[in-house]
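Input: a single structure, listed below in structure tokens.
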Protein chains: 2
Amino acid sequence: MNQLVEIKELLKTRKLKATDLRVEVLAIILGFGKAIPYQEIQNSLQNFDRITLYRTLNILIERGILHKISMENNQSFYAMCTLECSTMGHQHQHVHFKCEQCNEVSCVETKEPIQLAIAYHLITDFEVMATGLCGACRL
Amino acid sequence: MNQLVEIKELLKTRKLKATDLRVEVLAIILGFGKAIPYQEIQNSLQNFDRITLYRTLNILIERGILHKISMENNQSFYAMCTLECSTMGHQHQHVHFKCEQCNEVSCVETKEPIQLAIAYHLITDFEVMATGLCGACRL
DNA sequence: TCTCAAACGCAACGATGTTGCATTTATTTA
DNA sequence: TAAATAAATGCAACATCGTTGCGTTTGAGA
Ligand SMILES: [Mn+2]
Ligand SMILES: [Mn+2]
Ligand SMILES: [Zn+2]
Ligand SMILES: [Zn+2]
């Protein structure tokens with residue numbers, strides 16, 4: 001089963017029409033592998049409507065297909081969700097890592113689950129953005 | 001020693017002129033207590049130039065007086081730095097917490113230092129954004 | 001008070017977010 | 001396969017914020 005069919009099936013399970021832009025965007029993101037900058041998505045599309053792309057990304061996030069990563073400089077990255085995410089919500093355990101050398105952003109697992117406690121506060125969720133050197137750049 | 005004098009002294013230690021806007025902005029942020037949304041800064045100023053405010057916030061960050069917090073929706077918050085921060089750089093150990101009830105964002109200390117390790121990666125820095133209920137809203 | 005680097009204020013441009021609405025289309029159903 | 005329709009698109013329109021250049025103003029030390 002090729003990627004195109006897989007993408008269309010994924011959209012169907014989330015009750016979304018398989019429109020051209022949605023399929024294209026998902027193919028681009030899947031092909032990119034790591035987290036993709038918003039700009040990179042735009043650059044990879046030939047003809048597209050900015051507003052439609054905006055709504056496309058939003059609904060893909062809403063349905064648990066993508067998640068968005070906001071960087072410190074307010075740049076946005078997008079990445080595929082894992083199987084645990086669905087229309088009901090997102091369930092991410094991983095952290096986001098930005099390599100200072102190659103500037104790639106990726107979703108990575110930690111060696112140990114992160115323990116986080118704050119006095120008097122009830123923590124329901126948290127996300128971690130780490131920076132440093134990725135495996136390739138560290139060599 | 002009143003706040004105004006303190007602000008001017010702080011600016012002096014960082015080799016910055018004590019201009020009206022800088023003093024006003026710092027007074028606003030100090031008065032707000034918790035992390036302040038960018039909009040709130042604008043709303044608290046009567047007459048101001050947008051570009052000057054932009055450069056003001058940037059240089060206050062650059063000199064280790066403020067730090068910026070980028071929220072998931074790309075909204076920016078600003079908060080005072082701690083004493084460890086200087087012109088040489090920022091040294092933050094704390095995490096950022098957003099209360100889902102009152103929507104306040106604040107800098108808080110964790111009960112235990114956070115341990116973070118990722119296979120094959122070298123982590124030089126990381127930041128944590130937690131959500132949940134703050135002490136006041138939890139009661 | 002004088003001096004001048006620093007900071008300001010404005011123009012100008014660009015990127016992205018967001019909503020409304022008329023038109024088009026993907027998918028279901030007859 | 002054609003019809004029906006909810007969903008999605010495309011465009012206008014508006015807003016916020018980021019960013020740079022440049023001539024003018026000003027804070028702070030001499
Ligand atoms: Mn991720
Ligand atoms: Mn902080
Ligand atoms: Zn790298
Ligand atoms: Zn609260």
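Note that the coordinates shown come from a computational prediction; the quantities given were computed from them, not determined experimentally. Letters go in sequence order (proteins before strands), and every chain restarts at 1.
The footprint of chain B on DNA chain D, defined by a heavy-atom cutoff below 4.0 Å, extends from D:dT16 to D:dG29.
Residue A:Gln42 is classed as a sugar-phosphate contact, given heavy-atom separations below 4.0 Å to backbone atoms only. Nucleic acid contact class of B:Lys12 (heavy atoms, under 4.0 Å, all strands): sugar-phosphate only.
Heavy atoms only, all atoms of each residue included: B:Ala117 and B:Ile123 are closest at CA-CD1, 4.1 Å.
Between B:Leu21 and B:Asn73, the residue anchored nearer the 5' end of DNA chain C, judged by the nucleotide with its closest heavy atom, is B:Leu21. Mapping A:Lys17 and B:Tyr54 onto DNA chain D by nearest heavy atom places A:Lys17 at the nucleotide closer to the 5' end. Position along DNA chain D of the nearest nucleotide to B:Gln39 versus A:Thr56 favours A:Thr56 as the more 5'-ward residue.
Between the side chains of A:Glu84 and A:Thr82, at least one donor N or O sits under 3.5 Å from an acceptor N or O.
Nucleotide C:dA26 holds its P atom 13 Å from the CG atom of A:Leu4, rounded to whole Å. Summarising the geometry, the separation between CG on B:Asp20 and C1' on C:dG9 is reported as 14 Å, rounded to the nearest angstrom. Put simply, CZ on B:Arg22 is 6 Å from C1' on C:dA7, counting in whole angstrom units. B:Leu11 places its CG atom 11 Å from the P atom of C:dC8, with the value rounded to the nearest Å. Taking atom CG of residue A:Leu45 and atom P of nucleotide C:dT16, one finds them 13 Å apart after rounding to whole Å. Here the P atom of nucleotide C:dA7 and the NZ atom of B:Lys15 are 12 Å apart, to the nearest Å.
Aromatic ring orientation, B:His92 versus B:His90: perpendicular (interplanar angle above 60°, classes split at 30° and 60°).
At least one side-chain heavy atom of B:Met80 sits less than 4.5 Å from a side-chain heavy atom of B:Leu26. A:Ile65 has its side chain within reach of A:Leu11: a pair of non-hydrogen atoms, C-beta onward, lies under 4.5 Å apart. Two residues are said to be in side-chain contact when any heavy atoms from C-beta on lie closer than 4.5 Å; B:Arg50 and B:Tyr54 fail this criterion. Proximity of B:Ile28 to B:Glu40: side-chain heavy atoms (C-beta onward) are nowhere separated by under 4.5 Å. In this structure, the side chains of A:Thr124 and B:Leu133 stay at 4.5 Å or more apart for every pair of heavy atoms.
Around atom NZ of A:Lys8, no more than 12 heavy atoms belonging to other residues, nucleotides or ligands sit under 6.0 Å away.
Put simply, B:Thr19 has a side-chain N or O that comes within less than 4.0 Å of OP1 or OP2 on C:dC8.
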N/O-N/O pairs, protein side and nucleotides 10-12 of chain C side, under 3.5 Å:
unit_1, atom_1, unit_2, atom_2, d
C:dC10, N4, B:Arg55, NH2, 3.2

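At distances below 3.5 Å, at least one donor-acceptor pair connects side-chain atoms of B:Thr131 with backbone N or O atoms of A:Asp125. Side chain of A:Ser86 to backbone of A:Met88: a donor-acceptor contact under 3.5 angstrom is found.
Both B:Ile59 and B:Phe48 sit in one connected hydrophobic cluster of ILVMFWY residues. Membership requires side-chain heavy atoms under 4.5 Å apart, directly or through other members.
Defining each end axis of the helix from C:dT1-D:dA30 to C:dA30-D:dT1 as the rotation carrying four pairs' C1' atoms onto the next four, with five pairs an end, the two axes are found to diverge by 30° to 10 degrees.
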